[in-house]
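Comments concern the structure below.
Note that the numbering runs from 1 along the sequence shown for the chain. Everything quoted here is computed from the prediction, not taken from an experiment.
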Amino acid sequence: MTQDRVLIFDTTLRDGEQSPGATMTHAEKLEIAELLDDMGVDIIEAGFPIASEGDFNAVSEIAERSKDAVICGLARANFKDIDRCAEAVRNSVRPRIHTFIGTSPLHRAIPNLTQDEMADRIHDTVTHARNLVDNVQWSPMDATRTEWDYLCRVIEIAIKAGATTINIPDTVGYTAPMEKAEMIRKLIETVSGADEVVFATHCHNDLGMATANSLAAVAGGARQIECTINGLGERAGNTALEEVVMALKVRNDIMPWSTGIDTTKIKHISHRVATVSGFPVQFNKAIVGKNAFAHESGIHQDGMLKNKETFEIMRPEDVGIAGTALPLGKHSGRAALRDKLKTLGYEVGDNQLKDLFVRFKELADRKKEVFDDDLIALVRIEEDGENDHLHLVSMKVTCGTNGPAEATVEMQVDGEDVTETSEGDGPVDATFKAIRQIHPNKARLQLYQVSAVTEGTDAQATVAVRLSEDGMIATGESANTDTVVASAKAYIHALNRLMVRREKTGPGADAREISYKDLT
């Protein structure tokens with residue numbers, strides 16, 4: 001391996017799966033392993049074979065299916081673990097055993113071993129592993145809290161016993177970048193045989209410094225980074241693969257080390273791991289979060305429209321994201337509003353933009369995000385809704401413990417009064433069914449959300465409804481002290497917006513010519 005190359009060791013399927021609640025099925029593990037292999041990960045730690053029969057089977061099948069990556073299994077410092085691990089990875093084209101033991105005073109106290117007793121165990125177990133495979137990785141768990149002289153001693157023992165990779169874990173996320181870099185540098189300078197092995201780093205994120213510590217370790221001479229997709233892992237997690245890979249790519253001027261990762265596949269695997277693990281990607285997560293390439297501030301949006309490099313240090317396409325997003329909110333400016341309207345098909349003059357911007361700001365102050373259909377409504381529909389095709393006239397709902405709920409809804413459809421009654425599973429369901437009888441449609445309810453504006457039993461309820469139909473999405477909102485009335489108005493609001501969107505985007509359709517009779 002050349003000195004400008006950094007190996008990526010992914011442990012999503014082992015350390016990542018140890019996150020409480022992140023257990024993956026056998027099929028999901030196989031899928032993630034294949035994605036990691038295709039992306040160019042150098043070493044995949046596929047699991048802990050001794051932990052369970054399921055883990056053993058997953059590691060075995062991943063080993064058999066692997067194409068390019070080294071397939072690694074974890075083993076404690078005993079012969080039984082190591083034998084089981086060797087059996088699991090044996091069918092890999094490039095098998096590796098990763099064996100470890102806790103070397104700090106706190107961890108030595110658990111098995112009640114003296115320094116000499118532990119040193120003997122390290123020698124015997126690493127030797128045993130090397131007799132089974134040519135590729136052996138050894139880790140002194142809690143290395144950053146291990147006495148310096150003893151750490152140097154046991155690393156030298158592991159190297160002489162046949163370890164080919166020495167991993168230095170910051171097991172509890174305790175160290176800082178300057179310490180980590182110096183530690184790796186001193187180990188390479190001090191330990192006999194250090195120049196014959198690859199030094200690795202495994203950093204936890206308890207203090208939020210995992211990625212920084214891993215990059216510092218590389219600066220100190222480490223040439224393997226252990227990481228997980230999305231930083232998944234014990235407690236606060238691990239170094240995130242996407243962060244170290246993109247940091248090395250973007251800041252190649254001060255960190256001249258490359259990886260073999262196909263970065264365009266990062267977004268896909270990130271969100272796939274989030275799905276199968278049940279750990280969603282936080283919105284502001286670096287590289288792959290929803291907001292990583294989103295700009296709401298007016299100053300930022302204006303700069304992005306003129307030159308994307310003003311506020312983006314990498315291209316979204318480089319990590320598999322379609323492009324930059326300019327979500328509209330209360331911080332957005334006129335330039336972003338004009339640009340968004342243009343993408344929706346509306347060319348507006350300066351005076352019209354000025355008026356629209358005032359109304360847009362008023363709306364944005366009431367909403368976290370302004371959607372496309374909100375803007376269309378601003379352009380095409382008067383605020384009092386007099387141009388809407390559907391209006392709620394009145395409604396009456398009966399519900400309780402004795403039988404299904406019943407709703408009678410009276411609406412005006414293009415000036416024609418129509419009344420329908422329907423039963424449903426609760427008052428809102430009955431109301432929506434009555435509205436659908438009045439205005440038949442194929443819209444699918446994507447979101448129904450109720451929130452209270454104020455406190456107390458007389459609180460005004462704000463209801464948001466999101467509908468999708470033939471690839472078009474529309475949202476409706478309404479507020480009322482009666483939640484069911486607010487729900488009905490929000491639903492009708494969304495239906496009106498769908499009709500406007502159909503008018504704007506449909507092939508020759510004109511919503512103004514659609515009447516109640518036509519729809520029935």
Side-chain angles (χ1 to χ4, degrees), residues 1 3-12 15-16 42-43 100 102-104 106-107 137 139-149 151-152 155 165-191 194 197-259 261 263 266 282 284-289 292 313-314:
M1 183 183 66
Q3 286 300 301
D4 62 352
R5 177 81 155 82
V6 174
L7 301 175
I8 298 299
F9 177 113
D10 185 273
T11 183
T12 302
D15 197 332
D42 299 286
I43 306 103
F100 72 99
T103 55
S104 69
L106 287 167
H107 285 265
Q137 175 170 316
S139 295
M141 186 166 64
D142 206 19
T144 55
R145 294 193 296 174
T146 300
E147 304 96 319
W148 174 256
D149 289 343
L151 182 62
C152 292
I155 290 174
T165 299
I166 299 296
N167 177 48
I168 306 300
D170 182 23
T171 304
V172 292
Y174 180 74
T175 195
M178 63 192 78
E179 295 174 317
K180 188 70 173 181
E182 183 63 17
M183 184 181 201
I184 297 295
R185 187 178 296 110
K186 286 179 64 179
L187 286 172
I188 293 174
E189 293 173 352
T190 304
V191 176
V197 300
V198 173
F199 271 78
T201 181
H202 180 119
C203 298
H204 280 264
N205 204 40
D206 298 66
L207 293 176
M209 294 189 287
T211 296
N213 283 332
S214 292
L215 293 171
V218 172
R223 288 298 177 266
Q224 176 182 297
I225 295 177
E226 296 202 2
C227 48
T228 61
I229 300 297
N230 300 335
L232 200 64
E234 292 273 11
R235 303 180 312 280
N238 295 286
T239 299
L241 178 148
E242 58 276 8
E243 293 175 6
V244 291
V245 167
M246 291 309 296
L248 290 172
K249 181 173 183 175
V250 172
R251 293 309 312 271
N252 193 253
D253 55 333
I254 62 170
M255 295 184 289
W257 307 291
S258 64
T259 71
I261 298 295
T263 62
I266 283 177
Q282 66 193 62
N284 62 334
K285 173 75 172 64
I287 315 300
V288 292
I313 59 173
M314 67 194 88

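- Under the 3.5 Å distance criterion, the side-chain polar atoms of E242 are matched with a main-chain donor or acceptor of N230.
- Note that the CD atom of Q224 and the CD1 atom of I168 stand 11.5 Å from one another [nearest 0.5 Å].
- A donor-acceptor pair under 3.5 Å is absent between the side-chain atoms of D170 and the main chain of H204, judged by distance alone.
- Listed for the N213 side chain is a donor-acceptor partner under 3.5 Å among the backbone atoms of T175.
- For E182 and R185, the salt-bridge test passes: some basic side-chain N is under 4.0 Å from an acidic carboxylate O.
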Working for side-chain contact (heavy atoms from CB on, under 4.5 Å), residues W148 and T190: CA-CA 11 Å; W148 174 256; T190 304; 4.1 Å; yes

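- Here the NE2 atom belonging to H202 is positioned 7.0 Å from the OG1 atom belonging to T171, to the nearest 0.5 angstrom.
- Taking a cutoff of 4.0 Å between a charged side-chain nitrogen and a carboxylate oxygen, E179 and K186 do not qualify as a salt bridge.
- Taking every heavy atom of both residues into account, I188 and A194 meet most closely at O-CB, 3.6 Å.
- If you take CD1 on I266 and CD on E243, they are separated by 10.5 Å, rounding to the nearest 0.5 Å.
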Stepwise side-chain contact (heavy atoms from CB on, under 4.5 Å) test for V172 and R145: CA-CA 9 Å; V172 292; R145 294 193 296 174; 3.8 Å; yes

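- N238 places a side-chain N or O within 3.5 Å of a backbone atom of L232 that can act as its donor or acceptor partner.
- To the nearest 0.5 Å, atom OH of residue Y174 and atom OG1 of residue T144 are 8.5 Å apart.
- In this structure, N205 contributes its side chain and G237 its backbone to no donor-acceptor pair below 3.5 Å.
- The line from OG1 of T165 to CD1 of I43 is 7.0 Å long, rounded to the nearest 0.5 Å.
- V244 approaches T239 most closely through the heavy-atom pair CG1-CG2, 3.3 Å.
- Residues V6 and W257 come closest through the heavy atom pair CG2-CB, 3.5 Å.
- The two residues D42 and R5 make their nearest non-hydrogen contact at OD1-NH2, 2.9 Å.
- Closest heavy-atom contact between K249 and T263: NZ-OG1, 3.2 Å.
- Taking CG of D4 as the reference point, atom CG of L248 lies at 11.5 Å (rounded to 0.5 Å).
- Shown here for D15 and E234, the closest heavy-atom pair between the two residues is OD1-N, 3.4 Å.
- Applying the side chain to side chain contact (heavy atoms under 4.5 Å, CB included) test between C227 and each of T211, T201, L241, V245 identifies L241 as the sole match.
- D142 places no side-chain N or O within 3.5 Å of a backbone atom of S104 that could act as its donor or acceptor partner.
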